[in-house]
Participant: 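I'd like to ask some things about the structure below.
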Amino acid sequence: METIFDLARAQRRAGAQVPAPESVEDLPKTALREHLPALPEVSELQAVRHYTRLSGLNYSIDTQFYPLGSCTMKYNPRGTHRAASTPGFLDRHPLAPVSVSQGFLACLHELQEILQRATGMGSVSLTPMAGAQGEFAGVAMIRSYHAARGDTGRNEILVPATAHGTNPATASMCGCIVREVAVGPDGDVEIEALKAAVGPATAGLMTTNPSTCGLFERRIEEIAAIVHDAGGLLYYDGANLNAVLGKVKPADMGFDVLHLNLHKTFATPHGGGGPGAGPVGAGELLAPYLPGPIVEKTAEGYRWTEPPHSIGRLSAFMGNAGILLRALAYALMLGSEGMQRVGEFATLNANYLAARLGQEGFDIAYPNRRACHEFIVTLAAQKRRFGVSAMDFAKRLLDYGVHAPTTYFPLLVPECFLIEPTETESKEEIDAFVDAMANVLAEAESNPELVKSAPHDLPAKRLDDVEAARRLDLRWQARKRSL
Amino acid sequence: METIFDLARAQRRAGAQVPAPESVEDLPKTALREHLPALPEVSELQAVRHYTRLSGLNYSIDTQFYPLGSCTMKYNPRGTHRAASTPGFLDRHPLAPVSVSQGFLACLHELQEILQRATGMGSVSLTPMAGAQGEFAGVAMIRSYHAARGDTGRNEILVPATAHGTNPATASMCGCIVREVAVGPDGDVEIEALKAAVGPATAGLMTTNPSTCGLFERRIEEIAAIVHDAGGLLYYDGANLNAVLGKVKPADMGFDVLHLNLHKTFATPHGGGGPGAGPVGAGELLAPYLPGPIVEKTAEGYRWTEPPHSIGRLSAFMGNAGILLRALAYALMLGSEGMQRVGEFATLNANYLAARLGQEGFDIAYPNRRACHEFIVTLAAQKRRFGVSAMDFAKRLLDYGVHAPTTYFPLLVPECFLIEPTETESKEEIDAFVDAMANVLAEAESNPELVKSAPHDLPAKRLDDVEAARRLDLRWQARKRSL
Amino acid sequence: MPFLPHTNADVASMLAVVGAADIDELFDEIPSNLLNTGRGNNAPAAGDAAGMSEMEMLRHMAERARADETGPCFLGAGAYDHHIPSAVWDIASRGEFMTAYTPYQAEASQGTLQLVYEFQTMMSELTGMDVCNASVYDGGSGLAETILMAVRAGERRSKGRPAGGRRRVALAGAVHPLYVAAARNIVGHQGIDIVQLPYGENGLADPGRVTGLSEPPAAVVVQQPNFFGLLENVDAITDQAHECGALTVACVNPMTLGLLKAPANWGDGGADIVCGDGQPLGIPMASGGPSFGFICTRQSLVRQLPGRIVGRTRDLDGNPGFTLTLQAREQHIRRAKATSNICTNQGLLVTAATIYLSLLGPEGLRNVASACHARTRDVVAALELPRRFDAPYFHECVLRLGQPAQPIVETMASRGMLGGLALGPYFSDLSDCLLVCATEKRTTSDIRQFANALQDAVRRAA
Amino acid sequence: MPFLPHTNADVASMLAVVGAADIDELFDEIPSNLLNTGRGNNAPAAGDAAGMSEMEMLRHMAERARADETGPCFLGAGAYDHHIPSAVWDIASRGEFMTAYTPYQAEASQGTLQLVYEFQTMMSELTGMDVCNASVYDGGSGLAETILMAVRAGERRSKGRPAGGRRRVALAGAVHPLYVAAARNIVGHQGIDIVQLPYGENGLADPGRVTGLSEPPAAVVVQQPNFFGLLENVDAITDQAHECGALTVACVNPMTLGLLKAPANWGDGGADIVCGDGQPLGIPMASGGPSFGFICTRQSLVRQLPGRIVGRTRDLDGNPGFTLTLQAREQHIRRAKATSNICTNQGLLVTAATIYLSLLGPEGLRNVASACHARTRDVVAALELPRRFDAPYFHECVLRLGQPAQPIVETMASRGMLGGLALGPYFSDLSDCLLVCATEKRTTSDIRQFANALQDAVRRAA
Ligand SMILES: Cc1ncc(COP(=O)(O)O)c(C=O)c1O
Ligand SMILES: Cc1ncc(COP(=O)(O)O)c(C=O)c1O
């Protein structure tokens with residue numbers, strides 16, 4: 001499709017959006033630019049039509065089944081978007097005095113309490129702007145805790161080998177050294193490896209539960225004891241909480257600090273890349289270190305507060321406020337019963353889908369385990385027999401009008417699909433996905449070229465990633481118009 | 001695509017939308033239904049996904065060039081939609097007392113004045129809900145006028161042979177007899193035929209100007225004089241006003257009463273079938289007969305009023321209020337200069353497109369006339385030579401990603417396309433349409449079957465209208481699920 | 001001009017192709033005395049010649065809208081303040097629905113066409129009828145179209161037989177007075193006579209009156225619930241109408257059909273034509289429009305049904321698809337002999353209503369209906385005012401204030417509350433009466449606030 | 001549960017396939033002591049166990065939102081009340097944009113990917129730089145990412161040479177204090193030291209101070225316009241920074257770049273990295289988030305740039321298309337050695353900003369910028385209060401009240417007006433100062449109203 005720059009012509013404009021010019025004679029000439037920036041010059045209709053058409057090139061929850069593992073692509077209720085779009089919230093200035101912010105603060109306080117109850121953590125800070133920033137806050141809190149006790153040698157963060165990339169990257173950003181802990185053939189962390197890894201340098205362990213393999217880490221209490229005994233703390237990566245929401249509380253498993261991905265578990269839309277929100281929760285030990293600001297309820301009303309030993313703010317204002325409001329709206333509609341059913345039905349859908357795919361001849365990576373809200377299929381056998389890779393499989397699925405599962409993650413399992421149907425999808429959608437998988441499997445056998453050259457029915461054929469990285473083309477250039 | 005009923009399953013529901021049940025024990029059993037209606041039972045995600053996907057099967061202004069003659073498919077500014085969606089307007093009850101309706105009444109009054117200025121008519125009533133209802137009002141006013149003067153024999157309405165179907169249908173609905181007046185080879189009404197047609201039974205003449213042929217009726221003043229001299233009145237069908245908005249005022253041409261199609265000239269969206277708004281304007285003679293209510297400005301504020309000899313209300317409340325607000329918002333953004341440019345650039349685009357198509361070998365129906373905002377191409381030669389009809393041509397154009405022009409209207413010109421690009425389309429879009437037309441022409445010659453079996457790339461192949469009318473299937477039936 | 005894409009270069013090259021020196025030349029066929037060549041004499045009343053920016057326009061409109069904001073609404077009378085699920089308008093206002101024309105090119109309009117087919121099905125289910133059209137303008141003008149249809153149908157049935165009351169239609173006395181006014185103004189031009197049967201002391205039509213008419217009418221129209229919110233004896237009325245050879249026309253609020261008997265099941269034979277306004281189905285009150293009217297009927301009367309109808313058919317490959325059908329009834333084909341002059345209808349509102357009904361489902365609609373009734377019951381209990389009529393009411397109720405109601409309504413308005421409709425302007429014998437309404441949106445606290453304010457206003461005025 | 005599609009029949013047949021007796025059985029790997037089997041003990045604080053309907057939830061939220069509505073906003077300080085064209089969010093909130101994930105499957109994400117490519121181009125044009133990333137969280141944390149990037153870049157350049165101040169970064173004194181706080185809290189964990197150069201009497205950084213530092217820092221950060229709304233001597237600062245071997249980091253408000261010199265053209269060499277917050281580009285203030293941060297840089301530093309980047313490439317047929325590129329820098333590939341831990345970013349806001357910039361165009365953005373400046377000039381003139389700094393200001397200005405500013409701000413708030421920012425909490429020497437701001441949305445009447453209220457509050461408090 002043509003870019004917006006191809007549609008542009010000198011002096012064309014969306015006149016209703018251009019305010020009257022004003023003199024800026026009083027500004028120093030040296031501070032001003034000499035030429036206008038070459039932004040696109042298009043009519044309002046051109047812009048509307050261009051971006052409306054572009055939207056049609058995307059797959060999305062609102063248009064496709066989207067079983068992207070680890071991403072919890074569930075229905076994003078339209079009502080939560082409307083709630084957050086109420087003018088009183090949308091037009092609120094972040095630095096508005098507390099006296100004219102009681103409605104907003106009441107919402108945040110309510111969400112803090114809901115998340116406290118859902119996780120078992122005594123305190124919650126809502127400010128982190130995504131999961132990775134929540135992780136950063138958590139690791140920074142762990143470091144501050146050790147530092148405050150004069151326990152300065154603890155600079156190692158342990159992560160299971162299957163950890164999501166943000167876990168090690170976060171540890172590094174916090175100035176820690178990352179040590180990976182092996183995961184056994186049953187998908188659980190190897191206890192012996194963990195025992196060998198902990199020591200006086202251990203700051204803490206970061207893990208999800210259920211793990212990135214979609215399995216419940218059964219010996220989590222033992223793991224917690226080992227880390228705690230070694231003087232380390234436990235960080236819960238809550239990106240997978242959907243599986244056990246309302247069923248198990250991370251605090252009960254022994255975790256000291258955690259983050260939640262509201263853009264997963266709490267159904268706020270992912271927006272084609274974000275925004276999200278990654279609130280952090282902490283037990284007694286780490287609560288004093290939470291990032292600020294936090295909302296406190298007093299006799300005179302709600303107000304901002306900073307925990308006593310806070311690691312400080314991580315963003316200019318109060319995090320992704322609009323996402324927090326959406327999450328609150330969602331939680332209010334769920335109620336406590338609904339919250340519990342999230343985990344139950346996410347788990348039911350995943351186990352049903354795994355069983356169906358197993359029946360169709362796919363290899364489930366951990367066939368003897370219960371799936372949680374997601375599970376892994378390995379296509380290693382298909383790769384071997386037909387030369388069709390997981391990526392080929394994924395691309396061909398797109399032709400069937402479903403989004404592909406997550407591919408090649410976790411790294412441990414070769415040629416893998418991490419599949420997460422979520423609780424808001426119907427049995428019929430899941431069955432249709434099974435049919436698509438079965439069809440592609442048949443094609444892989446009978447006509448592997450068809451699969452390897454997929455997709456065929458999308459806005460683009462298979463795109464060349466290698467070329468993209470080798471010959472960087474990161475912005476439109478005027479000369480391209482002539483091409 | 002599956003219907004919403006195919007997706008439904010007993011007991012499934014969009015729970016957040018279902019209020020708690022309440023007892024209705026106090027209502028008489030005989031008044032109640034025994035079974036729930038078989039409305040679809042779907043989840044919220046299913047409904048959102050289904051209707052989002054359905055929307056993708058439509059062509060629309062926001063996604064395609066849409067040169068549908070007589071329909072003025074120009075850009076519908078998003079800002080006007082937002083203006084009308086302001087809660088104070090959206091939540092206003094139609095019978096709210098005047099004391100809490102001053103904002104709304106001020107808007108209507110402002111629009112009345114704008115339309116008065118744009119048409120030259122002294123009074124405007126905004127209530128008609130579409131063009132056809134405006135026509136009804138106008139003809140009813142003409143009848144009431146004659147009746148009030150005791151001139152009871154006037155029950156004939158004259159229309160040019162090229163008139164839009166609503167004109168004769170309206171006259172019938174008003175209890176009048178319709179007489180068609182011939183249109184000459186130059187596209188103008190035949191003066192002699194008109195002279196022969198008028199007489200003591202003449203209630204009035206309804207016509208557009210520019211005509212449905214996209215031509216300015218050059219002898220309009222003479223026509224007006226003939227009708228007036230015969231004791232009849234002149235009705236202006238304003239559906240084509242876009243061509244001359246700000247250039248010519250219908251009152252100056254001699255018209256006594258008119259309607260405007262705000263969903264055409266004033267850019268309110270057509271909504272896949274409506275709603276529209278068809279305000280009527282009248283000169284001194286007919287103003288007392290306008291339908292009510294009308295907004296009046298007094299020293300104490302705005303208030304509702306009824307013209308003294310009003311034909312009465314035509315709808316329960318104040319017409320399509322939300323559409324009126326959109327039209328006002330549009331007019332305010334145009335300003336008087338912008339309003340004038342509408343006609344100028346609509347005319348420029350039409351004449352340019354006509355010239356380009358002429359160069360490509362198409363037959364322009366009235367090559368010696370200026371096009372107004374639209375013009376006619378006749379494909380009679382192509383039909384003769386290649387067996388490809390205007391309908392085939394239209395269907396094939398859809399494959400090129402443009403909406404087809406209006407086909408087979410006006411009835412006078414064989415195998416015709418009525419083409420209206422509107423002023424909001426760019427030269428590039430028009431050029432792309434010319435390319436598409438030229439391509440189809442080449443295909444008609446080289447591969448007529450391709451054109452006759454078009455469309456090929458749309459959600460449906462050519463649909464069988466005859467079958468649809470012969471074997472009426474007007475609602476989904478449960479038994480179809482098994483098919 | 002805000003919405004023109006033309007650059008000076010574009011204009012020059014386009015004029016060159018046309019062979020005109022300037023744009024004015026394109027208007028050279030227009031008699032010069034008619035031509036307005038200066039700029040600006042069509043100036044809108046507000047804003048300058050150059051027009052407002054979107055920002056300025058929105059501010060101007062928002063200031064006005066703000067002036068009209070009120071507190072909780074207890075006013076019904078044909079427009080109802082229901083909850084509208086957010087998804088309804090998020091989807092209905094997508095450009096693909098909102099900026100498409102009437103689906104003349106079926107292959108490029110399958111979205112709208114399939115949706116209308118689904119709508120026809122839902123409305124048929126609600127009313128129990130065989131078919132529904134794809135909308136007429138509103139409930140008021142829709143009643144007129146329905147009467148015309150009934151008269152046409154009656155004339156076809158009575159061909160050859162004496163005309164009698166075939167151009168007369170009887171209306172129950174408590175049909176919405178504004179619907180009656182619109183209908184009279186429209187059908188009067190075809191010489192159709194409307195007689196209204198008075199409502200009785202209980203606020204209901206007396207079924208016995210129907211057969212008592214001197215000449216049997218073409219149709220009998222009854223509204224359920226009626227304008228006073230009361231439940232008419234629809235079974236008896238339907239039977240009486242049929243007995244004297246008239247069609248039964250039901251005018252209904254589709255929301256109430258989540259709970260109330262479908263018109264197709266009224267009496268022994270069922271209603272013949274059902275009309276009404278779709279506003280309660282996901283349409284904002286928006287000052288009364290745009291909303292939509294609908295007409296449902298039996299298969300046997302489908303060719304008399306005005307408005308667009310969508311049918312399911314097959315495409316060249318044999319796959320199912322949808323298209324406008326029975327167009328031969330319509331004005332663009334049939335011209336002076338069409339069933340109606342309607343062309344542009346209220347399509348976008350049909351879109352919204354279809355999404356609304358899908359989201360609500362049978363249980364949701366039933367619960368909305370029962371909540372409306374329950375809240376109105378709460379209002380009646382809280383107000384402690386005598387009811388004017390003792391027949392069972394649904395979600396509107398006429399209360400007696402013991403003094404003129406209009407000033408009370410004004411007082412309430414001055415406190416920012418829509419306290420109901422004063423009935424005096426519509427029924428002179430009811431000038432001390434207030435028609436109140438509550439929907440599922442009204443909370444206990446709304447109702448308390450309303451009751452206090454109304455009682456206070458009544459006390460002060462007394 | 002509101003969002004589950006499961007019927008009882010579905011559940012039964014699914015469990016049968018799984019071979020489990022009930023749903024609880026699916027949780028049998030979880031130690032039973034951890035398992036919460038009862039219902040309801042995760043109850044949200046409000047609403048009952050069954051959850052609110054959408055209607056109830058919206059009422060609850062709307063009541064709270066209403067409590068926070070205020071009159072015209074004269075508060076800036078990093079969040080600005082601009083006009084947002086209606087089309088921006090009508091399109092950005094289409095499900096296809098809003099409910100898609102990060103575009104990992106390029107072929108199924110060409111809409112988002114092409115849009116981001118266009119965004120990268122627009123931001124490059126505005127800043128004059130070669131490349132822009134597809135967002136970081138916000139301006140504050142984005143400054144931290146930028147500092148980390150500058151330090152990494154500096155370390156690569158100085159390989160082998162003595163470390164010196166390579167883990168130190170100098171910040172101009174009037175960089176947004178909340179950005180500085182966020183940056184300190186983030187980069188501190190990597191042992192990076194931030195020194196702040198004091199602002200001078202005129203409110204500006206003294207370029208001479210840069211070369212005066214004991215050890216040359218890795219980078220010098222300057223904000224333009226600075227926190228006080230003043231125009232810094234960016235040319236001189238850039239040159240001085242380069243002279244001592246430091247990178248120049250520009251922190252900018254992208255709206256102002258419609259008028260102000262592109263950072264690439266600062267001084268002789270131009271800024272090396274440009275960061276800022278995109279909120280002024282079509283993003284509602286929404287309490288500060290979601291907005292988005294951005295980082296632009298030279299081609300030579302692209303591999304140090306954190307965040308997602310979209311590249312144009314070709315598909316199997318040779319047609320152009322778009323894909324995420326340079327992923328080898330990112331956490332999901334590079335893990336502990338990634339340029340940043342960022343994963344989810346602020347994509348939807350980038351979507352909105354891209355549509356915004358397309359609608360505004362070069363002239364529109366320039367006029368917005370000039371209108372902001374002009375309105376602020378009007379405010380300063382209307383207030384008749386002394387300016388604290390005499391350097392030229394852009395669209396914010398520090399005024400001296402002659403008394404503590406905080407209580408004045410509170411008084412204004414109690415009258416429903418956001419009267420500016422009291423600077424005391426951020427700069428103890430400025431506790432009698434108010435930072436005011438006006439955007440293109442402020443009218444003459446807003447300004448008059450504001451000036452009257454402020455003068456009145458000052459008079460009463462004095
Ligand atoms: C397991 C896991 N951890 C952490 C993250 C990081 O969260 P975010 O993308 O919000 O930064 C993700 C999401 O991608 C994840 O799946
Ligand atoms: C020339 C002409 N007259 C009248 C009408 C009728 O207007 P409406 O469709 O709004 O009833 C139309 C629109 O279709 C038209 O094109």
Side-chain angles (χ1 to χ4, degrees), chain A residues 14 17-19 22 31 36-37 39 47 54-55 57-62 79 83 86 88-90 94 97 103 113-114 129-130 132 165 168-170 172 174-175 178 269 271-276 312 316-317 320-322 335-336 338 341 351-352 426-427 458-461 463 468 473 475-476, chain D residues 1 5 10 14 18 40 43-45 49 51 54 61 64-65 67-69 95-96 98-100 102 106-108 110-112 121 125 137 140 178 185 189 231 284 286-290 311-313 315-316 321 325 331-332 335-336 338 341 344-348 358-359 362 364 367 370 374 413:
Chain A
Q17 308 305 341
V18 179
E22 303 267 357
L36 288 181
L39 295 174
L54 273 190
S55 76
L57 307 184
N58 277 357
Y59 277 19
S60 68
I61 303 179
D62 277 10
T86 311
F89 291 139
L90 214 54
E113 290 195 329
I114 290 170
M129 297 180 113
T170 297
S172 289
C174 270
V178 179
F317 304 117
N320 279 335
S336 53
R341 294 215 178 92
N351 280 280
Y352 171 70
S426 66
K427 177 172 177 295
L458 269 83
K461 292 287 173 71
L463 287 156
D473 176 351
R475 52 158 300 179
W476 185 88
Chain D
M1 198 316 244
D10 289 338
M14 293 168 83
V18 175
E54 185 193 295
M61 300 291 278
R64 289 187 171 164
D68 292 358
E69 278 176 22
E96 296 91 329
M98 194 161 75
T99 75
T102 300
E107 298 83 1
Q110 287 296 295
T112 290
T121 307
E125 279 298 336
Y137 304 129
L178 295 171
N185 296 334
H189 287 278
L231 295 175
S287 296
R312 192 168 175 270
T313 184
D315 73 6
L316 273 184
T325 193
Q331 44 72 29
H332 64 286
R335 303 177 67 84
N341 67 340
T344 292
N345 52 38
Q346 307 281 119
L348 191 65
S358 300
L359 285 167
N367 291 7
S370 67

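So that the names make sense, note that chain A is the first sequence line, chain B the second, and so on, each numbered from 1.
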Participant: Quick one: pull up CD in D/Glu125 and CZ in A/Arg475 and give me the separation to the nearest 0.5 Å.
Facilitator: 4.5 Å

Participant: With rounding to the nearest 0.5 angstrom, report the CG to CD distance, A/Leu54 to D/Glu96.
Facilitator: 11.5 Å

Participant: Given that the side chain runs from C-beta out, which part of D/Leu316 has a heavy atom under 4.5 Å from chain A: side chain, backbone, both or neither?
Facilitator: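 Both backbone and side chain.
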
Participant: Keeping the roles fixed (side chain from D/Asp68, backbone from A/Gly88), state whether a donor-acceptor pair exists under 3.5 Å.
Facilitator: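 No, D/Asp68 side chain to A/Gly88 backbone: no donor-acceptor pair under 3.5 Å.
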
Participant: Hey, which of A/Pro94, A/Ala47, A/Pro269 has the most heavy atom pairs under 4.5 Å with chain D?
Facilitator: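 Greatest number of close heavy-atom pairs with chain D: A/Pro94.
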
Participant: Side-chain contact test, heavy atoms from C-beta onward, threshold under 4.5 Å: evaluate it for D/Arg312 versus A/Trp476 and give yes or no.
Facilitator: no

Participant: Got D/Met98 and A/Asp62 here, is their nearest side-chain heavy-atom distance under 4.5 Å?
Facilitator: no

Participant: Quick one: pull up CD in D/Glu69 and CZ in A/Phe89 and give me the separation to the nearest 0.5 Å.
Facilitator: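 Rounded to the nearest 0.5 Å, the CD-CZ separation comes out at 10.0 Å.
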
Participant: Specify the closest pair of heavy atoms between D/Thr344 and A/Pro275, including all atoms of both residues, with the distance to one decimal.
Facilitator: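 It is CG2-C, 4.2 Å.
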
Participant: Using non-hydrogen atoms only, which part of D/Ser287 is less than 4.5 Å away from chain A: side chain, backbone, both, or neither?
Facilitator: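 When you check distances to chain A, atoms from both the backbone and side chain of D/Ser287 fall under 4.5 Å.
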
Participant: Does A/Leu463 offer a backbone N or O that forms a donor-acceptor pair with the side chain of D/Thr313 under 3.5 Å?
Facilitator: no

Participant: Please give me the minimum heavy-atom distance between A/Phe317 and D/Gly288, naming the atom from each residue.
Facilitator: CD1-CA, 3.9 Å

Participant: Indicate the atoms forming the closest heavy-atom contact of A/Asn58 with D/Ala100, along with that distance.
Facilitator: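 Here A/Asn58 and D/Ala100 meet closest at ND2-CB, 4.4 Å.
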
Participant: Taking all non-hydrogen atoms of both residues, which atom of A/Gly322 and which atom of D/Pro290 are closest, and how far apart?
Facilitator: N-CD, 3.7 Å

Participant: Kindly give the heavy-atom pair with the smallest separation between D/Met14 and A/Lys427, and that separation in Å.
Facilitator: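 Closest pair (atom of D/Met14, atom of A/Lys427, distance): CG-CD, 3.8 Å.
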
Participant: Only pairs of heavy atoms separated by less than 4.5 Å count here; which of A/Ser426, A/Ala31, A/Gly175, A/Gly312 has the most with chain D?
Facilitator: A/Ala31

Participant: So which atom in D/Ala338 and which in A/Ala169 form the shortest heavy-atom distance, rounded to 0.1 Å?
Facilitator: CB-CB, 4.3 Å

